[in-house]
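Have a look at the structure below before the remarks.
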Amino acid sequence: MRRGDEILVGLDIGTTKVCTVVGQLVDNEGDSSRPRIEIVGIGTTPSRGLRKGVVINIESTVASIRKAVEEAELMAGCDIVSVFVGIAGGHIRGFNSHGVIAIRDKEVHARDVGRVIEAAKAVAIPMDREVIHVIPNGFKVDQQDGVNDPVGMRGVRLEVNCHIVTGAVASAANIIKCCNQTGLNVMDIVLEPLASSYGVLDEEEKELGVALLDIGGGTSDLAVFIGGTLRHSAVLALGGAHITNDIALGLRTPAQPSAEELKIRYGCATTKLVNSKEAVEVPTVGGRKPRVVSRQILCEIIEQRVEEIFLLVQRELEKVGLTERVPAGMVLTGGASNMPGMIEVAEGIFNCPVRVGKPINVGGLTDVVNGPQFATAVGLVAYGIDAEEGAKFRIRDRQTFDGVWSRMREWIKDFIS
């Protein structure tokens, strides 16, 4: 049995599947090219109880989580007690904020960095929403901008630009409740495209400028990285499940499992890659015999929805003026990005390089997790390495109390010193 402090666990609670990945920390022995994580266990199960990334049935969600965790425990040979959990859904909102403070001792200390980030967080947020992430995008000391770490610099004025991600308190609380009912301690809640970036993007892409699009079952999550940090995030209420529903309606076949199987086995995002003479057998309802239809008809249905998703992403990038700021291109993750033709359609719409993102810089069971559908779960494990010691998401009432008490302690320290 491995001790709990030797492993990190990522739990991806999605609309269509729940995935648990267990990673074990390894010693690089000074070789930075070697992976820091070895995947030692994985468990997946169909998701029951979520819609568009939001819990709608506690009991079904708990059962799905328990099954995925038990599979991962059996494979890894360990007891899972703590997890990093991904969060997505239409309730997620991201915005940029600016904070300014005066430097007390004319030299920037760690407490000054904390104060300026708190100043950036001092924005009006509705009571039904909670801050999930506050990500600094760069500091400015007096007139010197582009500063990544201002500690130790001399000056009188400290500024910061931050990207703040918020979500519905109820949605986050329901995810935590489902995990707690399975005996799991939630170490932190992480925005899913941010977690995916830890799994599939390298630092050079983030520094140059790259967009990551995670096409999940119920939503498509966009994250744009420039200068090494998250600059924009958005959630679109369209995903792979909508493609499945389109197939079900267009071909008059049950969505589950028939339409889903047709999408996986014969689906293609563009008719240009499909032989016009190829045919597929489509199950029907009401005891009728299966019908035979051209595969091109199936792919025409898929192509229209895929183009709609990509066009919505393109409009989002244009709205915030980031279309020309992602020279490293677009990286697709999520189960739907496995479909043939996705890269061709995306390159035609975004007019930039496009690739499918698969987990990188990991060892162990790489053949098992070598797919974009595992990007979030593997990324959650990688996120856990860089997470602050003791980091933990707290709902508003407790977080507010802790924040006030923390500031009181800082004031007392400053007064004594």
Side-chain angles (χ1 to χ4, degrees), residues 53 88-90 92-98 120 133 135-138 140 145-146 148 160-166 191-216 218-240 242-243 269-270 272 302-334 336-337 339 341-358 372 375-376 379:
I92 297 294
R93 298 287 184 275
F95 61 92
N96 295 319
S97 182
H98 184 73
H133 296 292
I135 302 173
N137 289 329
K140 183 177 180 180
D145 57 4
N148 292 326
V160 67
N161 290 315
C162 289
H163 185 72
I164 299 178
V165 178
T166 68
L191 180 67
E192 290 194 352
L194 177 63
S196 298
S197 73
Y198 279 81
V200 302
L201 299 182
D202 59 42
E203 294 303 320
E204 293 178 351
E205 285 179 313
K206 291 182 181 180
E207 190 67 32
L208 186 60
V210 65
L212 184 145
L213 180 61
D214 186 350
I215 308 175
T219 61
S220 295
D221 308 322
L222 174 67
V224 180
F225 297 84
I226 301 172
T229 61
L230 179 64
R231 297 299 180 96
H232 180 70
S233 60
V235 176
L236 308 175
L238 289 175
H242 295 82
I243 299 175
T270 174
K272 296 178 182 178
I302 296 173
E303 185 174 19
Q304 293 180 28
R305 182 64 80 175
V306 170
E307 286 182 348
E308 181 185 9
I309 293 173
F310 288 155
L311 285 172
L312 287 174
V313 173
Q314 177 72 356
R315 289 171 192 162
E316 179 69 24
L317 292 173
E318 290 174 350
K319 184 176 69 176
V320 294
L322 294 176
T323 307
E324 304 299 328
R325 298 194 64 188
V326 286
M330 177 78 67
V331 177
L332 305 178
T333 66
S337 61
M339 187 184 301
M342 293 291 282
I343 292 178
E344 288 80 2
V345 176
E347 287 180 340
I349 292 176
F350 298 121
N351 194 29
C352 69
V354 179
R355 71 175 178 89
V356 173
K358 300 179 180 180
T376 298

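These numbers come from a predicted model, not from an experiment.
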Gap between atom [atom2] of [Y] and atom [atom1] of [X] - 0.5 Å precision:
{"X": "T376", "Y": "D221", "atom1": "OG1", "atom2": "CG", "result": "8.0 Å"}
{"X": "M330", "Y": "L317", "atom1": "CE", "atom2": "CG", "result": "5.5 Å"}
{"X": "I302", "Y": "M342", "atom1": "CD1", "atom2": "CE", "result": "10.0 Å"}
{"X": "I243", "Y": "E303", "atom1": "CD1", "atom2": "CD", "result": "11.5 Å"}
{"X": "E308", "Y": "L238", "atom1": "CD", "atom2": "CG", "result": "5.0 Å"}
{"X": "I226", "Y": "L208", "atom1": "CD1", "atom2": "CG", "result": "9.5 Å"}

Tell me every residue that passes side chain to side chain donor-acceptor pair (under 3.5 Å) with [X], counting only those two or more places apart in sequence or in another chain.
{"X": "N96", "value": "H163"}
{"X": "S337", "value": "none"}
{"X": "E344", "value": "none"}
{"X": "T166", "value": "R129"}

Taking only residues two or more places apart in sequence or in another chain, which ones pass salt bridge (charged side-chain N to carboxylate O under 4.0 Å, His left out) with E207?
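E207 satisfies salt bridge (charged side-chain N to carboxylate O under 4.0 Å, His left out) with no residue once adjacent residues are dropped.
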
Return the set of residues passing salt bridge (charged side-chain N to carboxylate O under 4.0 Å, His left out) with R231 (not counting sequence neighbours), or none when no residue passes.
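Expected list: none.
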
With sequence neighbours left out, what residues match [X] under side chain to side chain contact (heavy atoms under 4.5 Å, CB included)?
{"X": "A336", "value": "I215"}
{"X": "I343", "value": "E347, V354, V356"}
{"X": "K358", "value": "N370, P372"}
{"X": "H133", "value": "I135, V165, V190, L191, L194, Y383"}

Looking at every heavy atom in both [X] and [Y], which two are closest together, and how far apart are they?
{"X": "L230", "Y": "A223", "answer": "CD1-CB, 3.7 Å"}
{"X": "L332", "Y": "A346", "answer": "CD1-CB, 4.4 Å"}
{"X": "I164", "Y": "S97", "answer": "CD1-CB, 3.7 Å"}
{"X": "A269", "Y": "M339", "answer": "N-SD, 3.8 Å"}
{"X": "V160", "Y": "P136", "answer": "CG2-CB, 4.1 Å"}
{"X": "T219", "Y": "G90", "answer": "CG2-N, 4.3 Å"}

Tell me which pairs pass salt bridge (Lys or Arg N to Asp or Glu O under 4.0 Å) where either residue lies in residues 316-329, with sequence neighbours left out.
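Every pair satisfying salt bridge (Lys or Arg N to Asp or Glu O under 4.0 Å) with a residue in residues 316-329: E316-K319.
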
In this structure, are over 12 heavy atoms from other groups packed under 6.0 Å from D145 atom CG?
yes

Indicate yes or no: at least one non-hydrogen side-chain atom of E203 is less than 4.5 angstrom from one of K206.
yes

Results of ring pair (Phe, Tyr, Trp, His ring centres under 6.0 Å) for F310 - residues two or more places apart only:
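Testing F310 for ring pair (Phe, Tyr, Trp, His ring centres under 6.0 Å), a comparison that skips the adjacent residues, returns F350.
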
Tell me which one of V326, L222, V224, L201 satisfies side-chain contact (heavy atoms from CB on, under 4.5 Å) with L212.
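When V326, L222, V224, L201 are each tested with L212, the side-chain contact (heavy atoms from CB on, under 4.5 Å) holds only for L201.
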
